[in-house]
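Notes follow the structure.
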Amino acid sequence: AHTKIVFNIPWAAEPFHHHRDLRTHTGSQLSLMNNIIRITRTLVEPTPDLYRTVPTGIAIQNARTRLTYPLTRDGYHLSKDSGRYLAALTFLCTLTGTNPDQLAPDPEVQDQAVLIKAAQLAIERPNVVTFMPQE
């Protein structure tokens, strides 16, 4: 009776990823991400009983605009360090309402400030990829 339905917005595969189901997409990674956003808005969000969406894919794509290394380990599955950290951060903050920059820093996380900002922007603007310029 207390179950809530949450949809995790997926991320686009890395450009070098060659999964057979993704070969039909001829656009760029950003084009694929924009299609994911469009489909989420038109088909998922109107679903009755949907509690909320978690903008994990948006956070990943936000971070990709700034970082020079992939956030996946094989082109699709998130890396065990920064990729999973960003996904967990986005989930935690979306579901609890916590602001990502209010969490205790972890000195083990590479580029933590970028990941926090990527999650924060995704939560604030879940329907658009935000380009994060070099500071």
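Sequence positions, counted from 1, serve as the residue numbers for this chain.
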Of all the heavy-atom pairs spanning [X] and [Y], show the shortest one and how long it is.
X	Y	result
Leu71	Ala63	CD1-CB, 3.7 Å
Ile36	Ala12	CD1-N, 4.1 Å
Pro46	Arg41	CD-O, 3.4 Å
Val44	Thr47	O-OG1, 2.7 Å
Val128	Asn62	O-OD1, 4.2 Å
Ala59	Ala118	O-CB, 3.5 Å

What side-chain donor-acceptor pairs closer than 3.5 Å can you find for residues 80-90, not counting sequence neighbours?
| residue | atom | partner | partner atom | Å |
| --- | --- | --- | --- | --- |
| Asp81 | OD1 | Ser79 | OG | 3.0 |
| Tyr85 | OH | Gln112 | NE2 | 2.6 |
| Thr90 | OG1 | Leu86 | O | 2.8 |

Determine whether a donor-acceptor pair (N or O, by modelled atom type, separation under 3.5 Å) exists between the side chain of [X] and the backbone of [Y].
X	Y	value
Arg52	Thr94	yes
Gln29	Ala13	yes
Trp11	Tyr76	yes
Asp111	Val114	no

Atom [atom1] in [X], atom [atom2] in [Y]: separation rounded to 0.5 Å?
X	Y	atom1	atom2	answer
Lys117	Glu124	NZ	CD	6.5 Å
Ile116	Leu121	CD1	CG	12.0 Å
Asn34	Asn127	CG	CG	10.5 Å

Less than 4.5 Å apart, side chain to side chain, heavy atoms only: is that true for [X] and [Y]?
X	Y	value
Leu78	Ile60	yes
Ile58	Met33	yes
Leu30	Arg64	no

So which residues get pulled into Tyr51's cluster when ILVMFWY side chains under 4.5 Å apart are joined, directly or through others?
Val6, Val54, Phe91, Leu95
Are Ile39 and Leu32 joined in one hydrophobic group, where the rule is that I, L, V, M, F, W and Y side chains link up if heavy atoms are under 4.5 Å apart?
no
May I ask whether Ile123 and Phe7 are part of the same hydrophobic cluster, defined by side-chain heavy atoms of I, L, V, M, F, W, Y residues being less than 4.5 angstrom apart, directly or through others?
no
Assess whether atom CG of Asp49 is packed by more than 12 heavy atoms of other residues, nucleotides or ligands within 6.0 Å.
no
